[in-house]
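Structure first, commentary second.
Everything numeric here is computed off the predicted structure, so don't read it as measured data.
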Amino acid sequence: MRGLDGLRGLAALYVVLFHCWLYSFPGYPRSSAPWWLDGLMFGRLAVVFFLVLSGFSLAMSAAQHGWRSSGVTRFLRRRAWRILPPYWAALAMSLIIAWLVVPASHFGPPTGASVLVYGTVAQDMVTAPTPNGAFWSIGVEAELYLLFPLLLLVRRRWGATVLVACVALPVIARGLTASGASPVEGDNWLAPDLVPVFVAGVVGAGVAVASDRVRRLPWGLFAALAALPVLALGFVQGSVWTVNHYFWMDLAVCPAMTMLLAAVATGRPAFLVRLLTARPVRGLGEFSYSLYLIHLPIIMIVIRRAAPHAVSPRLPVFGFTLLLGLPVAIFGAWVFSRIFEMPFKHNRSWKSLTAPRGRQRARLSSVRAVR
């Protein structure tokens, strides 16, 4: 759908900028950066946006077919084919860099347990030293994929209101009954808290196939009005408060994210759709998954190995990382995607992937002719 790849690309770019900010200014969650860089502190919310977008994108086809899936086994097999090969390649790269070049971003160097836990995408359920701090969300996504067919079943049989209530009310109740009404989140077991975020995207996909009256609503304006109070609260309270209240921030901001997706899916506002479909933004979106997977080890090399020999700490390190690490991460992700992501994105099986190139082109030509 026009514009969604652009949104995905910009979100991935924001995560890269967040990590440049995070590791250039020590002391997180207390920010030691200049105030005018505080807009980069919401890295977690960018990942939440990925989850909303994932639910929205996956539910589009089902929404067009009465909220019916194409089969649980087929869905899971296609998700694994699309997600796991580039993830495993990025895992191997991250392990090599963490062991030989620069330690991982959390808990020191990875261990044998890291290989087992992250290799089986179990990092949201089992704690192990991470080879790549960005990988936490991949474990969450994997659990949400397993839950997705059940979510579609509830949506089809009992409607959107029941679906939202089933996933949101237990999470809200858990939050309200926690100490200080703000649950303390660790580095894993985040999927239960983030199911409502994913479901918001699933429900939002209904707007794209709704009546013209619903589609013509000013979803972009609604999104802005819903997002402003949440973002303003984060800016006013600062990074420490925001990090300690991500449980509630995630839930508060996901309606705005869903309405933004609905706005783009319905082609409004036009200027935003034009921006998101511009070639550079659309191109960035095409390899955004690869950018998300491999950017952090590259940024860590620049900040921990190169920058100390070239510039002073803090703001000079941040500027140095933007000038060197950002373009290297983007170019590296583009190359990585051509090798480890695009072949699995454009082919649906090993037979198709390993077929001679001429036969692949003939198959693509026949598919285009049918379309």
query: Are any side-chain N or O atoms of W67 and backbone N or O atoms of G206, one a donor and one an acceptor, separated by less than 3.5 Å?
result: no
statement: Correct closest heavy-atom pair for R314 and S32 would be NH1-OG, 2.9 Å
task: For atom CZ of R68, decide whether the heavy atoms of other residues, nucleotides or ligands shown that lie under 6.0 angstrom number more than 12.
output: no
message: Please determine whether residues V230 and V236 belong to a single hydrophobic cluster, defined as Ile, Leu, Val, Met, Phe, Trp and Tyr linked transitively by side-chain heavy-atom distances below 4.5 Å.
response: no
task: Write down the atom of C254, the atom of A200, and the distance for their closest heavy-atom approach.
output: SG-CB, 4.1 Å
message: Once you measure the plane-to-plane angle for F42 and F235, does it fall in the parallel (<30°), tilted (30-60°) or perpendicular (>60°) bin?
response: perpendicular
query: Which is it for V154 and V167 under the side-chain contact (heavy atoms from CB on, under 4.5 Å) test, yes or no, and what are the steps along the way?
result: CA-CA 11 Å; V154 175; V167 298; over 6 Å; no
- prompt: Should L53 and L13 be regarded as members of a common hydrophobic cluster, given that ILVMFWY residues are connected when their side-chain heavy atoms come within less than 4.5 Å of each other, either directly or indirectly?
  reply: yes
message: Could you check whether any side-chain heavy atom of M300 comes within less than 4.5 Å of a side-chain heavy atom of R305, counting everything from C-beta outward?
response: no
- line: Tightest non-hydrogen contact, residues S24 and T321, listed as OG-OG1, 4.1 Å
Expected output: side-chain W158 to main-chain L163 donor-acceptor under 3.5 Å: no
message: Do Y28 and V240 make a side-chain contact, defined as non-hydrogen atoms from C-beta onward lying under 4.5 Å apart?
response: no
message: Nearest 0.5 Å, please: how far is CD in E341 from OH in Y289?
response: 7.5 Å
field: Geometric cation-pi criterion R79 and Y145, 6.0 Å radius, 45° cone
entry: yes
message: Using 0.5 Å steps for rounding, measure from the CG atom of L276 to the CG atom of D5.
response: 10.0 Å
statement: Between the CZ atom in R44 and the OG atom in S137, the distance rounded to the nearest 0.5 Å is 10.5 Å
- request: Would you check, one step at a time, whether the test side-chain contact (heavy atoms from CB on, under 4.5 Å) holds for F247 with V171?
  value: CA-CA 9 Å; F247 177 91; V171 174; 3.6 Å; yes
message: Taking F336's backbone N and O only, do any of them form a donor-acceptor pair with S290's side chain (distance below 3.5 Å, no angle check)?
response: no
message: Pair L315, L37 - check side-chain contact (heavy atoms from CB on, under 4.5 Å), show working.
response: CA-CA 10 Å; L315 188 58; L37 289 176; 4.1 Å; yes
- prompt: Under 30°, 30 to 60°, or over 60°: which ring-plane class applies to Y118 and F135, parallel, tilted or perpendicular?
  reply: tilted
query: Hey, does the side chain of H295 reach the backbone of Y292 with a donor-acceptor pair shorter than 3.5 angstrom?
result: yes
message: Would the distance check show the side chain of R304 and the main-chain N or O of I299 forming a donor-acceptor pair, the cut-off being under 3.5 Å?
response: no
task: Check whether any side-chain heavy atom of Y23 sits under 4.5 Å from a side-chain heavy atom of V317, and report yes or no.
output: no
query: Are the side chain of D124 and the backbone N or O of W189 linked by a donor-acceptor pair below 3.5 Å?
result: yes
4.5 Å side-chain heavy-atom contact, V253 and V197: no
Joint hydrophobic cluster, M257 plus L251, side-chain heavy atoms closer than 4.5 Å: no
- prompt: Can you say whether the rings of F25 and W21 are parallel (under 30°), tilted (30 to 60°) or perpendicular (over 60°)?
  reply: tilted
statement: Residues joined to L221 in its hydrophobic cluster, side chain to side chain under 4.5 Å directly or through other members, sorted by chain and number, are L225
query: Within a strict 4.5 Å, meaning less than it, do heavy atoms of the L176 and W248 side chains meet?
result: yes
query: Within a strict 4.5 Å, meaning less than it, do heavy atoms of the D193 and R174 side chains meet?
result: yes
field: From T277 atom OG1 to L4 atom CG, the distance as rounded to the nearest 0.5 Å
entry: 11.0 Å
query: Taking the side chain as C-beta and beyond, is there a heavy-atom pair between L261 and V52 under 4.5 Å?
result: yes
message: Could you check whether atom CZ of R338 has more than 12 heavy atoms from other residues, nucleotides or ligands sitting under 6.0 Å from it?
response: yes
- request: Give the intermediate values and the outcome of side-chain contact (heavy atoms from CB on, under 4.5 Å) for residues V202 and L58.
  value: CA-CA 7 Å; V202 172; L58 292 176; over 6 Å; no
message: Could you report the tightest heavy-atom contact between A256 and A226, atom names first, then the distance?
response: CB-CB, 3.7 Å
task: Kindly indicate whether the side chain of V199, heavy atoms from C-beta on, has any atom under 4.5 Å from the side chain of L151.
output: yes
- prompt: Between the main-chain N or O of P110 and the side-chain N or O of W99, is there a donor-acceptor pair closer than 3.5 Å?
  reply: yes
- prompt: Are the side chain of S31 and the backbone N or O of S239 linked by a donor-acceptor pair below 3.5 Å?
  reply: no
field: Basic-acidic side-chain contact under 4.0 Å: K345, E286
entry: no
Trace of the side chain to side chain donor-acceptor pair (under 3.5 Å) decision for Q123 with T130: CA-CA 8 Å; Q123 56 265 37; T130 178; over 6 Å; no
- prompt: Quick one: CG on L76 to CH2 on W81, what's the gap to the nearest 0.5 Å?
  reply: 16.0 Å
query: Is a side-chain donor or acceptor of W219 paired with a backbone partner of V214 at a separation under 3.5 angstrom?
result: yes
Approximate separation, where rounding is to 0.5 Å, of I83 CD1 and E141 CD: 6.5 Å
- line: Which of L293, I330, V335 passes side chain to side chain contact (heavy atoms under 4.5 Å, CB included) with F287? It is I330
query: Which heavy atom of P131 sits nearest a heavy atom of S94, and at what distance?
result: O-CB, 3.5 Å
- prompt: Can you check whether A263's main-chain N or O pairs, donor with acceptor, with T266's side chain at less than 3.5 Å?
  reply: yes
message: Testing the basics here: between A265 and R215, what is the closest heavy-atom pair and its distance to 0.1 Å?
response: O-NH2, 4.3 Å
query: Looking at N244, V243, L190, which one forms a side chain to side chain contact (heavy atoms under 4.5 Å, CB included) with E185?
result: L190
